[in-house]
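Notes for the one structure printed next.
Chain naming here is simple, since letters A, B, ... match the order of the sequence lines and numbering starts at 1 in each. Given the structure is predicted, the values throughout are model-derived calculations rather than measurements.
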Amino acid sequence: MDKLLDGLILVRESYIKKKKIDAAIKRKFLSCIYDFYDSNYRHLPWRSTNNPYHILVSEVMLQQTQVNRVIDKYLLFIKKFPTIEALAHSSLHDVLGVWQGLGYNRRAKYLWQASQIIVSQYNGNVPDNEAELQKLPGLGKATAASVCIFAFGRPALYIETNVRTVYIYSFFANHQNVSDAMIRPLLEVTIDTTNPKKFYNALMDCGTCIKQHYNFSRHSAHYTVQKPYKTSLRKVRGDIVRYIVSYGATHKEILAQRLGYSPDKIQKALEALCRENLVCEDNGMYTIAKR
DNA sequence: CTCCAGGTTG
DNA sequence: CAACCTGGAG
């Protein structure tokens with residue numbers, strides 16, 4: 001791992017000297033990340049499948065959560081919903097039940113809706129190009145690219161936190177506010193089009209390693225500071241969904257009482273959840289939405 | 001207890 | 001650009 005960090009510093013120095021990435025620097029960069037990858041490969045369940053639906057599930061989970069928290073949920077999810085048809089035909093209630101612990105409930109709903117669109121409009125086949133993938137709910141630029149890469153082996157340009165870390169460490173270590181627009185051209189010339197899956201898997205593992213030693217997130221233009229937890233509605237919303245998922249339809253006064261929030265907070269959270277169609281009201285009782 | 005990781009949506 | 005969620009780290 002010191003070998004990775006030191007090797008990439010040599011890449012950085014050559015790049016500063018030559019001010020561009022020539023064939024020699026590209027070769028050096030790739031050999032650094034592949035050497036590391038060959039001896040530090042992480043055996044992750046979604047790396048040993050070619051099932052595009054399973055890849056889609058893993059990528060949606062990974063866009064919001066760190067690897068070690070996704071592994072068990074991913075295995076549980078594909079066990080419970082082994083095919084895209086199984087997911088499409090399940091209730092949102094059941095999907096959210098498996099999702100609890102991952103966070104961001106609306107993304108579970110987007111994934112569920114995406115599965116229904118794929119079944120009804122794509123004959124159950126996950127689209128294999130970025131434009132179509134990006135039309136699906138919950139898939140933006142990054143996840144569309146990652147599905148192209150990991151499900152179909154296409155050399156898409158994929159920029160997420162680990163990729164940013166590797167490129168900032170290798171090429172922008174003394175910069176502030178590095179934007180994705182600055183990273184993209186370097187990614188374009190360094191990408192290993194002969195094996196995009198291996199290339200990006202290696203970047204993921206290298207990024208994770210580098211982060212254990214340096215935190216470059218503040219160098220990225222994407223870095224933001226979160227609002228304080230207590231002044232937001234996040235926790236209340238999550239608690240409500242978790243309660244309804246385990247106990248079924250519930251009256252709002254019961255929610256306030258059981259969860260220990262003021263009726264006002266419960267009311268506000270319920271309004272937001274209903275507005276997003278995650279929860280709905282059925283004469284005084286709140287349940288998980290049906291669609 | 002506070003801080004922090006993560007990409008998409010509206 | 002703010003909101004979304006959870007749980008591990010400090």
Inset, instruction - Go through the steps to decide whether Trp46(A) and Phe150(A) satisfy the test ring pair (Phe, Tyr, Trp, His ring centres under 6.0 Å), and finish with yes or no. - result: CA-CA 9 Å; Trp46(A) 47 88; Phe150(A) 295 115; 9.8 Å; no

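- The CD-C1' distance, from Gln66(A) to dG7(C), rounds to 9 Å in whole Å.
- The main-chain N or O of Gly248(A) is found under 3.5 Å from a side-chain atom of Thr250(A) such that the two form a donor-acceptor pair.
- When the C1' atom of dG8(C) is taken as reference, atom CG of Asp72(A) falls 15 Å away, rounded to whole Å.
- Salt bridge annotation for Asp22(A)-Lys26(A): absent, with no cationic side-chain nitrogen under 4.0 angstrom from a carboxylate oxygen.
- For Gln226(A) against dA5(B), a side-chain-to-base donor-acceptor contact under 3.5 Å is present.
- Contacts of Arg218(A) with the nucleic acid, taken as non-hydrogen atoms under 4.0 Å apart, involve only primed sugar atoms and P, OP1 or OP2.
- Each of Tyr15(A), Phe172(A), Phe29(A), Tyr158(A) was checked for a ring pair (Phe, Tyr, Trp, His ring centres under 6.0 Å) with Tyr167(A), and the lone residue meeting it is Phe29(A).
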Legend entry - Candidate pair Tyr214(A) and Tyr169(A), rule ring pair (Phe, Tyr, Trp, His ring centres under 6.0 Å), full reasoning: CA-CA 9 Å; Tyr214(A) 304 94; Tyr169(A) 180 82; 5.6 Å; yes

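- Atom OH of Tyr247(A) has 12 or fewer neighbouring heavy atoms from other residues, nucleotides or ligands inside a 6.0 Å radius.
- One interatomic measurement links the two molecules: CZ of Arg234(A) to C1' of dA3(C), which rounds to 8 Å at whole-angstrom precision.
- Side-chain proximity of Glu276(A) to the nucleotides dA5(B), dC4(C), dT9(B) is greatest for dC4(C).
- The CD-P distance, from Gln64(A) to dT6(C), rounds to 10 Å in whole Å.
- Nucleic acid contact class of Thr224(A) (heavy atoms, under 4.0 Å, all strands): none.
- The CG-C1' distance, from Asp239(A) to dC5(C), rounds to 10 Å in whole Å.
- Contacts of Asn68(A) with the nucleic acid, taken as non-hydrogen atoms under 4.0 Å apart, are absent.
- Between Leu102(A) atom CG and dC4(C) atom C1' the separation is 14 Å, expressed in whole Å.
- With Asp94(A) contributing its side chain and Ser90(A) its backbone, the two residues share no donor-acceptor pair below 3.5 Å.
- Contact annotation: Thr65(A) does not reach the phosphate of dA5(B) (side-chain N/O to OP1 or OP2, under 4.0 Å).
- Residue Arg69(A) has its side chain nearest to dG7(C) when only dG7(C), dT9(B), dC5(C) are considered.
- Between Asn105(A) atom CG and dT8(B) atom C1' there is a gap of 15 Å when expressed in whole angstrom units.
- Within the nucleic acid shown, Tyr158(A) has no heavy atom closer than 4.0 Å to any nucleic acid atom.
- Taking atom NZ of residue Lys73(A) and atom C1' of nucleotide dT6(C), one finds them 11 Å apart after rounding to whole Å.
- Of the candidate nucleotides dA5(B), dT6(C), dC5(C), dT6(C) has the atom lying nearest to any side-chain atom of Gln100(A).
- Proximity of residues 132-149 of chain A to DNA chain B (heavy atom under 4.0 angstrom from any strand atom) is restricted to Leu136(A), Pro137(A), Gly138(A), Leu139(A), Gly140(A), Lys141(A), Ala142(A), Thr143(A).
- No N or O donor and acceptor, one from the side chain of Arg106(A) and one from the base of dT9(B), sit under 3.5 Å apart.
- Comment: Lys141(A) does not engage Glu160(A) in a salt bridge, judged by the lack of any side-chain N to carboxylate O separation of less than 4.0 angstrom.
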